[in-house]
Amino acid sequence: MSAPSPEPTTPQLKPGKPDPAEQPERLRRHARLMGWLVLAIIVAYGAFQLPLPWKLLSLAAGVAGVAGGIVLIVRCVKDKTPALFWISAVLVIICCGMFALLGAMQAMFWEASVTFDQCRVTAVTERGMARCFSEYQENMLSSVPGSN
């Protein structure tokens, strides 16, 4: 009689270790999310170049990018991904955070921003642009309570 052949066994994974077979799919999910986050940066930048009512899209895209960056960091911690994803997520949070902050400032100083946009459209020379910037600063400071 021959000895029964041993059954092929699957290697037992340690708890907390990702399955190597699932690793490419996880990296694809992270890369897909990273693509959406790059799109959020592009939309935030593009919206910031538009006239004022549309400039508020940079605030929305910035907030969405920051939230997505935080989600990506949490997934990176959970799945133990390569450092490139970590660095990318941090950079997305910084970029989108800046655009969100700039959009929020535009919304806070709405009247001064509208006046500045109108002045900037009519300014032809460098001196005219400098006048627009100085008026913008004065209008922003005068809108802050207690600064007068």
Side-chain angles (χ1 to χ4, degrees), residues 2-121 123 126 128-130 132-141 143-147:
S2 66
S5 63
E7 296 276 333
T9 59
T10 58
Q12 295 295 323
L13 296 175
K14 295 179 184 175
K17 283 277 193 174
D19 185 10
E22 291 179 13
Q23 195 66 16
E25 179 57 35
R26 287 182 182 162
L27 291 178
R28 271 195 291 275
R29 279 188 286 147
H30 295 315
R32 196 174 308 121
L33 178 58
M34 195 63 222
W36 284 107
L37 294 177
V38 168
L39 181 64
I41 292 174
I42 293 169
V43 167
Y45 175 75
F48 196 71
Q49 303 303 316
L50 296 173
L52 228 180
W54 300 105
K55 241 179 219 186
L56 294 180
L57 286 175
S58 68
L59 173 62
V63 169
V66 168
I70 292 170
V71 167
L72 183 60
I73 285 180
V74 169
R75 285 185 181 179
C76 288
V77 168
K78 187 178 119 187
D79 294 340
K80 297 177 178 64
T81 59
L84 181 64
F85 285 107
W86 289 76
I87 294 168
S88 300
V90 169
L91 290 176
V92 164
I93 290 172
I94 291 170
C95 291
C96 286
M98 291 298 290
F99 282 119
L101 181 66
L102 290 171
M105 293 308 240
Q106 293 280 323
M108 282 176 41
F109 300 110
W110 184 263
E111 291 300 321
S113 298
V114 168
T115 306
F116 173 70
D117 276 352
Q118 291 170 349
C119 180
R120 194 178 61 178
V121 167
E126 287 291 320
M129 284 299 290
C132 290
F133 280 115
S134 66
E135 287 176 5
Y136 186 46
Q137 289 174 349
E138 289 172 13
N139 289 340
M140 282 193 324
L141 288 176
S143 67
V144 174
S147 65

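Just so it is clear, the structure is predicted and the values come from calculations on it, not from any experiment.
- Among all heavy-atom pairs drawn from A61 and C96, the shortest one is O-SG, 4.4 Å.
- By the neighbour-count criterion of 12 heavy atoms within 6.0 Å, atom OH of Y45 is sparsely surrounded, having that number or fewer from other residues, nucleotides or ligands.
- The minimum heavy-atom distance linking N139 with A112 is given by the pair CB-CB, 3.6 Å.
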*Before giving the answer on side-chain contact (heavy atoms from CB on, under 4.5 Å), spell out for L27 and D79 the whole-Å C-alpha distance, their side-chain angles and the decisive distance to 0.1 Å.*
CA-CA 9 Å; L27 291 178; D79 294 340; over 6 Å; no

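- Summarising the geometry of L56 relative to G103, their closest heavy-atom pair is CD2-O, 3.9 Å, with the distance given to 0.1 Å.
- Once rounded to the nearest 0.5 Å, the distance linking CG of L91 with CH2 of W86 reads 14.0 Å.
- Contact annotation: the side chain of V38 never approaches that of S88 to less than 4.5 Å [non-hydrogen atoms, C-beta and beyond].
- Summarising the local packing, CD of Q49 is surrounded by more than 12 heavy atoms from other residues, nucleotides or ligands at distances under 6.0 Å.
- The minimum heavy-atom distance linking G68 with L33 is given by the pair O-CD2, 4.2 Å.
- Remark: of the listed residues R75, R29, H30, H30 is the sole one forming a side chain to side chain contact (heavy atoms under 4.5 Å, CB included) with T81.
- Taking each heavy atom of F85 and C76 in turn, the nearest pair found is CB-SG, 3.5 Å.
- Few gaps surround CH2 on W110; more than 12 heavy atoms of other groups in view lie less than 6.0 Å from it.
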*Please test F116 against L52 for side-chain contact (heavy atoms from CB on, under 4.5 Å), starting from the C-alpha separation and ending with a verdict.*
CA-CA 10 Å; F116 173 70; L52 228 180; over 6 Å; no

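- A 4.5 Å side-chain heavy-atom check between V114 and Q118 finds at least one atom pair inside the cut-off.
- Once rounded to the nearest 0.5 Å, the distance linking CH2 of W36 with CD1 of I41 reads 14.5 Å.
- The distance from atom CG of L57 to atom CZ of F99, rounded to the nearest 0.5 Å, is 13.0 Å.
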*Begin from the C-alpha positions of Y136 and S113 and carry the test side-chain contact (heavy atoms from CB on, under 4.5 Å) through to its verdict.*
CA-CA 7 Å; Y136 186 46; S113 298; 3.2 Å; yes

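- With values rounded to the nearest 0.5 angstrom, L141 atom CG is found 8.0 Å from E138 atom CD.
- Here CG of L101 is found 9.0 Å from CE of M108. Values are rounded to the nearest 0.5 Å.
- Going from atom CD1 of I94 over to atom CE of M98 covers 9.5 Å, rounded to the nearest 0.5 Å.
- Crowding of M105 atom CE: a count of heavy atoms from other residues, nucleotides or ligands under 6.0 Å not exceeding 12.
- Put simply, the side chain of V92 does not reach to within 4.5 Å of the side chain of L72, judged on heavy atoms.
- Across all non-hydrogen atoms, the minimal contact from G97 to V66 is N-CG2, 3.5 Å.
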